[in-house]
Amino acid sequence: MGFSIDHPISQIVLGWLLFELIAVVLLTVTTFFSTSFSTLATGILVVLLFGFAMIGGFLEQIGYAIANFSKASTTLQTIGIVSSLILPTDNIYREMANILFKSNLNDFSTIDPFAGISKK
């Protein structure tokens, strides 16, 4: 029982830096809002924005997945794009996951919770 990491060190470092970038973005947004709002209001606002970005990214992934089957896919994709423009933490996370957990998206048996299916 064991595993090996088959990633080059540069890929691991880039994934780690992207992971740290999420914290920097959230810290920047928190500092920005703390200049205008109280501590509690800032915390609630940042958590709501983070949740909005996460749900928007999820809806964007669903939009790309059903692009050939439904006309609602463009609406879902637009919601995801707008949420990523407001707070890009979900896009940074998905890019980090793509770097660290590369998978062949043509084989649906390899799709896991970390797989991103949006096309760039």
Side-chain angles (χ1 to χ4, degrees):
M1 296 288 281
F3 66 93
S4 64
I5 298 175
D6 297 331
H7 301 301
I9 193 72
S10 62
Q11 201 172 9
I12 294 171
V13 169
L14 182 60
W16 175 73
L17 288 173
L18 286 171
F19 182 72
E20 293 298 322
L21 184 61
I22 294 172
V24 170
V25 168
L26 286 174
L27 183 63
T28 304
V29 170
T30 303
T31 304
F32 174 75
F33 284 130
S34 70
T35 60
S36 301
F37 302 113
S38 68
T39 306
L40 184 62
T42 299
I44 292 170
L45 187 61
V46 171
V47 168
L48 286 175
L49 282 175
F50 184 74
F52 174 69
M54 189 171 54
I55 292 170
F58 181 69
L59 291 177
E60 183 180 7
Q61 295 299 311
I62 291 173
Y64 281 111
I66 65 170
N68 297 331
F69 307 111
S70 173
K71 292 180 181 179
S73 65
T74 56
T75 304
L76 292 173
Q77 292 169 14
T78 304
I79 291 170
I81 290 169
V82 168
S83 71
S84 68
L85 289 174
I86 293 172
L87 190 67
T89 53
D90 190 68
N91 281 357
I92 296 170
Y93 171 78
R94 291 195 186 275
E95 183 62 28
M96 178 201 66
N98 274 339
I99 288 171
L100 293 176
F101 305 107
K102 295 219 183 262
S103 63
N104 181 8
L105 293 178
N106 295 328
D107 179 15
F108 288 109
S109 65
T110 63
I111 291 181
D112 56 15
F114 303 112
I117 56 176
S118 66
K119 296 168 180 66
K120 292 185 177 185

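If you read the sequence from its start, that first residue is 1, and numbering goes on from there. Side chains are part of it too, since the values below use all heavy atoms of this structure and drop only hydrogens, waters and symmetry mates.
- Here S83 contributes atom OG and D90 contributes atom CG; the two are 7.0 Å apart, rounded to the nearest 0.5 Å.
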### Message
Checking E60 against I81 for the side chain to side chain contact (heavy atoms under 4.5 Å, CB included) test, could you report, in this order, the C-alpha distance in whole Å, the side-chain angles of both residues, the deciding distance, and whether it holds?
### Response
CA-CA 7 Å; E60 183 180 7; I81 290 169; 3.9 Å; yes
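- For the atom pair R94 CZ and T89 OG1, the distance stands at 10.5 Å (nearest 0.5 Å).
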Distance-only donor-acceptor hits, side chain of residues 38-55, under 3.5 Å, sequence neighbours excluded:
from : atom 1 : to  : atom 2 : distance (Å)
S38  : OG     : A41 : N      : 3.4
T42  : OG1    : F33 : O      : 3.4
T42  : OG1    : S38 : O      : 2.8

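- Side-chain contact between V25 and T28 is absent, with no heavy atoms from C-beta onward closer than 4.5 Å.
- Looking only at distances, a side-chain donor or acceptor of Q77 sits under 3.5 Å from a matching main-chain atom of G63.
- Taking CG of N68 as the reference point, atom OG of S73 lies at 8.0 Å (rounded to 0.5 Å).
- Between T78 and T74, the shortest heavy-atom contact is OG1-O, 2.7 Å.
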### Task
I would like to know whether Q61 and F58 meet side chain to side chain contact (heavy atoms under 4.5 Å, CB included); could you show each step before the answer?
CA-CA 5 Å; Q61 295 299 311; F58 181 69; 5.6 Å; no
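- How far CD1 of I22 is from CG of L27: 13.5 Å, rounded to the nearest 0.5 Å.
- Under a 4.5 Å side-chain heavy-atom criterion applied to ILVMFWY residues, the cluster that includes I9 comprises V13, W16, L17 as well.
- A donor-acceptor pair under 3.5 Å links the side-chain atoms of Q11 to the main chain of I99, judged by distance alone.
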